[in-house]
Structure formats: C-alpha cells, structure tokens
Amino acid sequence: MATKTQKKTENINEKIISFYMDYVLTEQKQPASIYAFAKHLGITEAEFYKTYTSFKDIDIAIWKGVAENTINALMASEEFETYNSREKLLGFFYTLVEALNANRSYFIYSLKAQGAMHKNLGEFKEQIENFAKPTIQQGLADKELEERKFISDRYYDAVWVNTLFILNFWTNDNSKGFEKTDAAIEKSVNLMLELMGKSALDSLLDMGKFLLQNGLRK
Amino acid sequence: MTKEQIKIPTSKIQRAASFAGAGAKVGGNYIKYYVKKALNPDLNRDELNENNAEDIYGTLSKLKGSALKVAQMLSMDKNLMPQAYQDKFQMAQYSAPPLSYPLVVKTFNQEFKKSPTEIFDTFSKIALQAASIGQVHKAELKGHTYAVKVQYPGVAASVSSDLKLVKPLATRILNLKGKDIGRYFKEVETKLLEETDYKLELARSIKISEASAHIANVVFPKYYPALSGDRILTMDWIEGVPLTEFTKQNHPQEIKDKIGQALWDFYDFQIFKLKAVHADPHPGNFIITPDFKLGVIDFGCVKEIEEQFHKDYFTLLNSDAINNDEEFTRIMYKLEFLLKDDDAKIVPVLKKAFQEMLNLLGKPFNSDNFDFGDDAYFKSIYALGEKFSKMVELKEANGARGPQDAIYINRTCFGLYSILNQIGAKVKIIKQKQ
C-alpha cells in the first residue's frame with residue numbers, strides 16, 4: 001500500500017514538473033497563482049502543497065534533480081570506479097551537460113529568470129559539493145592534487161565556480177552539438193586540476209609568503 | 001607605376017618595417033624559417049643573411065601565385081601557403097592537450113550509444129598518437145587490434161573562423177591583395193574542412209586503398225564503417241615503426257630502395273591512374289612494417305585532379321613539352337602562369353625562369369632511374385631559388401599566377417621528393433605515355 005501511495009505522489013510530482021516547465025516556456029513567466037496552476041493541471045491545491053510550497057520550490061527541485069540524475073548515471077557505469085579524480089570531474093560535467101541538454105530551453109530560461117545570484121541553485125550546488133568533496137579527497141589521497149593548508153579544504157568551491165562557468169558557456173553556446181561546451185569543459189577542468197595539483201601556484205604562494213614576511217619586517 | 005605597385009613596399013627599409021608589425025611577426029617567423037632552411041639545409045652550420053632572405057622572400061611575394069610554387073620548391077617538404085595556414089591553424093587548435101578519456105567516452109556515446117569498453121574488449125585510455133585533428137587509441141576485439149581515431153570537438157566549426165583570422169596575416173606576409181589570393185585560400189579552406197569530415201575520409205580511404213591494393217610492398221589498413229562515424233574512424237592497427245623513425249635508423253640500400261620504390265609506385269599510380277592523390281605525404285603518415293613494407297595511413301587530405309587540369313599540368317613535367325616553345329607558351333597562358341597583360345619585355349624572362357624551374361622539378365619524371373638520396377639535385381633547386389631572388393625582372397612581375405589546383409599537387413610532389421630524399425632511395429621511374 002505504501003508503495004502505491006509513493007508511486008502516486010511521484011506521478012503527481014512528475015506531472016507538476018512537466019506542466020510547470022511547459023507553462024514557463026510557453027508563457028515566459030510563472031503561473032499567476034498556485035490555485036490557478038493546480039486547477040489547470042487538474043489537481044487540488046492540497047495535492048500541490050504536499051510536494052511543494054511555492055513555484056520557487058519547483059525550480060529548486062528541478063535543478064537538484066538534474067544533479068542527482070547526473071551523479072546516479074555516473075555511479076551506474078562500471079568504468080566510473082576506475083577513474084581518477086580528473087576523469088571523474090570531467091565525466092561529471094559531460095554527463096551534466098547531456099542532462100541539461102534534455103531540457104535546454106527550461107534551464108536557460110531558469111538561469112535568466114533567477115538572475116546573477118542563482119537563488120534557485122542552492123540544492124543543485126549542495127549535490128555538486130557532495131560529489132566534489134569525495135572526488136577531491138580521492139585526488140588528494142592519490143597525490144594527484146596537492147594538499148595546501150586552508151586552501152585544499154575549499155577546493156570544492158572551485159568545482160562550483162567551474163560549474164557556473166560551464167553553465168554560462170553552455171547557455172551561450174551555439175555550436176553544432178554544443179561541441180564548444182565540450183571543449184570548454186575539457187580546458188577548464190584541466191586548468192582547475194592543474195592548479196590544484198603541484199604547480200607554479202605553489203611557487204607563487206611561497207614567493208608571496210616570502211615577500212609578505214620580509215615586507216612586514218621593515 | 002600603377003597604384004598597386006605604389007602600395008607594395010619596395011625598399012628594404014619599408015619591407016623590414018612592415019615585417020616588424022605585430023601581426024606580421026608570427027608570419028615573418030615562418031618565412032624566416034622556411035627561407036633559412038631553404039637556403040641552408042644545415043641550419044646550424046652557417047648563419048643566415050637576413051637581407052638575402054628578405055630579398056628572396058620579396059621575390060616570392062611579387063610572383064604571387066607561383067610564389068607558392070617557388071616557395072614550396074625552396075622549402076621542399078612544406079608548402080608555404082598551406083603550411084603557414086596550417087601552423088597557425090595548429091596553434092589555434094591542436095596545441096591543446098590530448099582529449100581526456102571521459103570526452104572520448106562521450107564521443108563514443110554520441111556516435112554509437114555505447115562506451116568504448118562496451119564495444120571493444122580493451123581500449124587504451126590514453127591516446128597512442130596524435131593525428132592531425134584528433135588522436136589515435138589502440139583497441140582490441142576478439143584478438144584483433146584496431147586503431148581508433150577520435151576527432152577533437154569543435155574542430156570543424158572553427159576551420160572557417162580560424163582561416164578568417166589568418167587571412168589578413170598571410171595576405172600581409174605575402175604582400176598580396178585579398179582579391180588575388182582568394183582562390184588559393186578557398187582551396188586551402190576546402191581541404192581543411194574535408195579533413196574534418198571523417199565520413200568522407202572513410203569513403204576515400206576505402207576507395208584508394210582498394211584500388212591501390214595490387215601495388216607491390218604497400219599495405220593498407222582495413223577500414224570499418226560500422227565502427228566509424230562523424231568523429232570516429234576505425235581501422236586496422238598496423239604494426240611497425242613510423243617512417244620518421246625508420247629514416248633515422250641504418251638500413252641496407254636495398255631496403256631503402258624497396259621502400260622508396262613502393263612509395264613512388266603508389267604515387268605514380270595515384271597521379272596518373274586514379275587521378276586522386278593522398279596529398280599529405282608527411283613522414284608521419286607512413287609506417288614501415290617489420291617485413292619492410294610501406295603502410296599508408298591517414299587519407300584525410302586527398303586531392304582529386306580534374307581531367308583537363310591533369311592533362312595541362314602534367315604535360316609540363318614532360319621535358320619535350322617544356323622545350324617546345326609554342327606548346328609551352330600555350331600552357332603557360334592557359335594555367336595563368338603568364339597573364340595577358342604582362343609586359344612584353346617581361347614575358348620571355350618569366351618564360352625562361354619557369355622553363356628552368358620545371359625542367360628541374362620534372363627531372364625525376366624524365367629519368368629512367370632517379371637517385372633521390374643524391375643531395376646535389378636538391379642543392380640545385382636551392383641554387384635556382386637563390387638565382388631567382390636576384391633577378392630584378394622577377395621582382396617587377398605582378399599579378400597572381402598559377403592555378404589554385406596546383407597548390408596541393410605541388411605540395412604532394414615536393415613532399416614525395418623530400419621523403420624519398422630522407423629515405424635515401426634510388427627509384428625506377430615508370431614511363432608515362434603522353
């Protein structure tokens with residue numbers, strides 16, 4: 001019995017999401033009210049409120065869902081376990097962009113509608129961080145990435161910044177099959193991981209520290 | 001003096017000044033490299049005289065269309081225009097680090113809805129070779145070894161924009177007017193775009209390798225259409241050493257001759273029978289098998305030779321035709337090496353220069369046996385280039401000369417000569433009935 005109810009809720013949830021996507025893409029704005037939306041969809045307001053409290057909730061859930069699906073798809077592939085951290089991150093972004101492409105219009109609309117503060121990406125960001133943290137841990141353990149005091153604790157922030165960069169690039173990409181986004185992923189992830197690995201950055205920090213210490217002595 | 005001529009910087013100072021322009025700098029380096037190399041194949045031994053180089057270069061620029069020809073001749077293994085293009089193109093595109101494995105997986109998923117390891121038993125995560133616009137992975141399935149070429153994303157899309165970027169630069173380097181050079185650029189663009197089309201490459205590879213299968217000591221990989229797509233090309237893995245390695249090793253003369261003969265026969269067959277040639281005779285595109293056969297890979301760049309052009313152009317390789325004044329003059333005008341509005345005084349000079357050049361270039365085709373290992377032949381070509389550079393009449397000649405179809409044909413011939421020289425092969429020449 002429990003499974004049946006669950007299934008019913010899932011169905012309603014899917015219905016709400018696809019109807020909502022269709023609505024905002026056709027009308028280029030949010031529905032006037034939850035009442036009107038529910039009526040249009042043929043469900044009761046109560047049913048709507050069981051899953052969501054506002055339209056913003058739906059946006060947040062869709063973004064969270066795309067990250068979840070991406071991670072699940074990656075975990076399902078046998079090869080994924082054999083990847084090093086760089087390959088895992090690359091694989092993540094390629095899969096994410098594929099998943100975004102499935103509803104490209106909605107995601108572009110949503111990015112534009114929520115503005116530069118990305119106020120609906122909170123749970124999407126959480127998902128990505130949950131994926132990035134163990135991946136970076138693996139890289140640190142394998143010595144692929146360099147352990148740096150204070151900084152390496154925040155490496156996952158770089159993954160998030162890179163995600164925003166790729167989202168932005170993808171939004172404006174009009175190459176065939178979004179090939180340029182692929183190139184952007186390849187290049188940005190390589191750069192990011194090279195900076196996180198042992199690199200000129202260490203010498204730069206070392207030099208900075210030296211200058212700072214000697215400057216202070218004056 | 002016409003308007004165009006006024007625009008062209010004539011004095012050395014002006015020329016040097018235009019070279020110093022930021023845009024021309026990169027290109028200037030190519031030119032310096034090619035000219036330096038042309039004047040002196042052993043670059044280390046003798047330092048080059050810059051003025052001299054610029055003089056030669058100046059001559060080349062004024063000859064325009066045929067500048068390409070002379071430049072190719074001077075640089076021997078590289079064609080100036082396409083190479084200047086291609087190097088720039090490579091800088092823009094190919095200096096990229098190798099494709100990551102996840103991107104290869106993605107490309108496979110796009111083409112076949114399967115990952116490489118779902119198709120093959122083993123698949124090298126790391127590329128074993130860089131191909132011109134992609135990379136080669138080694139794969140195994142049921143004991144058979146395959147070479148799988150994967151194209152970089154976005155290459156095809158950026159060809160035209162990359163070329164647009166280079167055009168003003170190249171035009172400036174060669175002192176050409178955009179209008180004159182347009183058709184040469186178009187030819188290069190077409191060829192570069194073709195190289196990104198793996199479906200076309202697959203079709204051509206199969207066609208040429210099947211037609212050429214009978215040639216002794218040449219081997220081709222088998223191609224697999226079912227395992228190929230827009231950005232993936234699968235063929236047999238050919239065991240052996242790249243030609244670049246082979247030429248560094250010590251081998252008995254008969255082995256060198258065997259390889260050289262195979263190469264010559266293959267090109268002779270393509271030029272005179274197939275009328276379509278593998279137009280990228282770069283040592284990296286050949287593999288020498290353990291039993292010393294020539295493995296031919298990479299049909300990305302194929303030049304199909306149109307019947308009438310073939311007839312006119314290759315007549316020029318026949319010494320009888322070159323020295324028959326009436327016939328020679330007719331073809332020179334037809335192929336636009338000579339132009340109708342050329343000054344009457346300059347025509348005989350140009351004719352003589354082209355005659356001399358063609359006699360020299362056609363020499364292997366007019367011999368029974370030709371020793372490409374003999375550096376004297378190559379030195380005489382350099383010497384001719386130098387001589388041209390000092391001829392005032394050539395400097396004065398104006399207008400774009402020579403057909404655009406010749407660019408890749410010349411590149412093929414010089415590439416072929418150059419490889420045969422590197423191998424050090426003596427070759428029996430098949431006589432073509434004219």
Side-chain angles (χ1 to χ4, degrees), chain A residues 69-71 73-102 131 135 138-139 142 144 159 162 166 169-170 172-195 197 199, chain B residues 89-127 130 133-135 137 139 150-162 164-165 193 195-199 229-232:
Chain A
N69 291 344
T70 301
I71 294 164
L74 283 174
M75 299 297 182
S77 115
E78 280 176 29
E79 271 189 310
F80 188 71
E81 271 308 297
T82 68
Y83 282 7
N84 61 23
S85 56
R86 177 185 304 235
E87 288 166 339
K88 279 186 177 168
L89 285 170
L90 283 166
F92 173 79
F93 285 118
Y94 290 132
T95 317
L96 177 67
V97 167
E98 290 284 282
L100 291 171
N101 278 339
F131 172 80
T135 308
Q138 180 198 346
D142 296 347
E144 196 188 345
V159 178
N162 205 40
I166 288 163
F169 193 95
W170 171 78
N172 299 312
D173 188 2
N174 46 21
S175 62
K176 178 186 144 212
F178 309 111
E179 281 184 355
K180 287 197 174 159
T181 300
D182 287 352
I185 293 174
E186 191 90 350
K187 286 172 208 298
S188 63
V189 172
N190 279 335
L191 174 66
M192 177 173 73
L193 282 243
E194 253 142 56
L195 287 174
S199 63
Chain B
F89 187 64
Q90 277 168 345
M91 277 202 304
Q93 268 300 335
Y94 311 143
S95 59
L99 284 191
S100 70
Y101 183 63
L103 187 48
V104 174
V105 173
K106 183 183 173 171
T107 311
F108 261 78
N109 277 327
Q110 277 177 339
E111 299 273 359
F112 309 119
K113 308 258 175 275
K114 278 181 181 171
S115 74
T117 45
E118 283 171 315
I119 293 177
F120 296 102
D121 293 337
T122 65
F123 188 89
S124 67
K125 259 180 146 183
I126 296 166
I133 50 170
Q135 58 190 25
H137 292 259
V150 184
Q151 191 176 117
Y152 297 144
V155 171
S158 56
V159 167
S160 300
S161 62
D162 278 0
K164 276 194 200 96
L165 205 79
L193 277 174
E195 277 192 60
T196 65
D197 184 347
Y198 276 10
K199 284 205 169 130
D230 286 335
R231 281 170 51 201
I232 293 175

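Chain letters run A, B, ... following the sequence lines, proteins first and then strands; every chain starts at 1.
Using a 4.5 Å cut-off between non-hydrogen atoms, the part of residues 88-95 of chain A that approaches chain B consists of A:Leu90, A:Gly91, A:Tyr94. Within residues 101-115 of chain B, the residues having any heavy atom under 4.5 Å from a heavy atom of chain A are, by residue number, B:Tyr101, B:Pro102, B:Leu103, B:Val105, B:Lys106, B:Gln110, B:Ser115.
Checked by atom type and distance alone, the side chain of A:Glu186 pairs as donor or acceptor with a backbone atom of B:Ser100 at under 3.5 Å.
Other residues, nucleotides and ligands contribute more than 12 heavy atoms inside 6.0 Å of the CG atom of A:Leu195.
Of the two parts of A:Phe178, neither the backbone nor the side chain holds a non-hydrogen atom closer than 4.5 Å to a non-hydrogen atom of chain B.
Among the candidates A:Glu78, A:Glu79, A:Lys176, the residue making the largest number of heavy-atom pairs closer than 4.5 Å to chain B is A:Glu79.
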